Trainee: 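Below is a structure I'd like to ask you about.
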Amino acid sequence: MKFRYAMVCSSNQNRSMEAHFLLKKQGFDVSSYGTGAHVKLPGPSLREPNVYDFGTPYKHMLDDLRRKDPELYKRNGILPMLKRNSMVKLAPQRWQENAADGSFDVVFTFEEKVFDMVVEDLHNRNHVLMKTVLIINLEVKDNHEEAAVGARHTADLCQEIEAAESWEESIDDIVTGYEKQHRRKLLYTISFY
């Protein structure tokens, strides 16, 4: 594979990690991040989410939720998700703190608010490399089923980007083809490192 990819959602738990897991399995050079202030997972009610700091190991979250209510978190899919995540990497990482990870060629986001935060963050960085980065938003509902569908669509798009002679010249056709085939709109822009 010739490009480096970043998958970004709000908490680096579901959508970005499902895509990270699938792309890693397919041999892509991929990392994943979240843009939120904290990592939030569903709790016993909407008013009581489980909140963790970025950098808290997935294994720690898994053990914590197993202690709190193993039946609830197994039933709602959080425990299997955390187990998968712990097999991909140690802990959720925050996009705004990823400069040390180097530059990416393509960044996928899974909700428009996250797309806007990534674009703003890249805009505010020092553009010393003057290297282009493609940012694509594929809107994906934050549930396990939609995350799996979104990951497959992301993998298909990555394959097309990899196959292109020059993504800069092909991106409009890749996006148009995707939108026609899947009847889903993509938002995309180009920024710089």
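This one's a predicted model, so the numbers in the text were calculated from it and none came from an experiment.
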Trainee: Regarding Arg15 and Glu111, does a basic nitrogen lie under 4.0 Å from an acidic carboxylate oxygen?
Mentor: yes

Trainee: Does a salt bridge link Arg84 with Glu18, judged by any charged N lying under 4.0 Å from a carboxylate O?
Mentor: yes

Trainee: Taking the side chain as every heavy atom from C-beta outward, state whether Trp95 and Asp121 have any pair of such atoms under 4.5 Å apart.
Mentor: yes

Trainee: Give the table of side-chain donor-acceptor pairs shorter than 3.5 Å for residues 6-13, with sequence neighbours excluded, one pair per line with atom names and distance.
Mentor:
{"residue": "Ser11", "atom": "OG", "partner": "Lys40", "partner atom": "N", "Å": "3.1"}
{"residue": "Asn12", "atom": "OD1", "partner": "Lys89", "partner atom": "NZ", "Å": "2.7"}
{"residue": "Asn12", "atom": "OD1", "partner": "Gln93", "partner atom": "N", "Å": "2.9"}
{"residue": "Asn12", "atom": "ND2", "partner": "Ser16", "partner atom": "OG", "Å": "3.0"}
{"residue": "Asn12", "atom": "ND2", "partner": "Ser32", "partner atom": "OG", "Å": "3.0"}
{"residue": "Gln13", "atom": "OE1", "partner": "Asn85", "partner atom": "ND2", "Å": "3.1"}

Trainee: Just checking, is any N or O donor in the side chain of Tyr178 or His153 under 3.5 Å from an acceptor N or O on the other one?
Mentor: yes

Trainee: Mind jotting down which residue pairs meet the salt bridge (Lys or Arg N to Asp or Glu O under 4.0 Å) criterion with at least one end in residues 64-73? Sequence neighbours excluded, please.
Mentor: Asp63-Arg66, Asp64-Arg67, Asp64-Lys68

Trainee: Any salt bridge between Glu179 and Lys185, counting N to O under 4.0 Å?
Mentor: yes

Trainee: Does some side-chain heavy atom of Tyr33 sit less than 4.5 Å from a side-chain heavy atom of Phe104?
Mentor: yes

Trainee: Consider only side-chain N and O atoms of Gln96 and Asn98, and report whether a donor and an acceptor are under 3.5 Å apart.
Mentor: no

Trainee: When clusters are formed by joining ILVMFWY residues with side-chain heavy atoms under 4.5 Å apart, either directly or through shared neighbours, do Ile136 and Val114 land in the same one?
Mentor: no

Trainee: Is the shortest side-chain N to carboxylate O distance from Lys2 to Asp29 below 4.0 Å?
Mentor: no

Trainee: Less than 3.5 Å apart, any donor N or O on the side chain of Glu48 or Ser45 sitting next to an acceptor on the other?
Mentor: yes

Trainee: Any non-hydrogen side-chain atom of Ile171 less than 4.5 Å from a side-chain atom of Glu160?
Mentor: no

Trainee: Determine whether Phe115 and Ile135 make a side-chain contact, defined as any pair of heavy atoms from C-beta on separated by less than 4.5 Å.
Mentor: yes

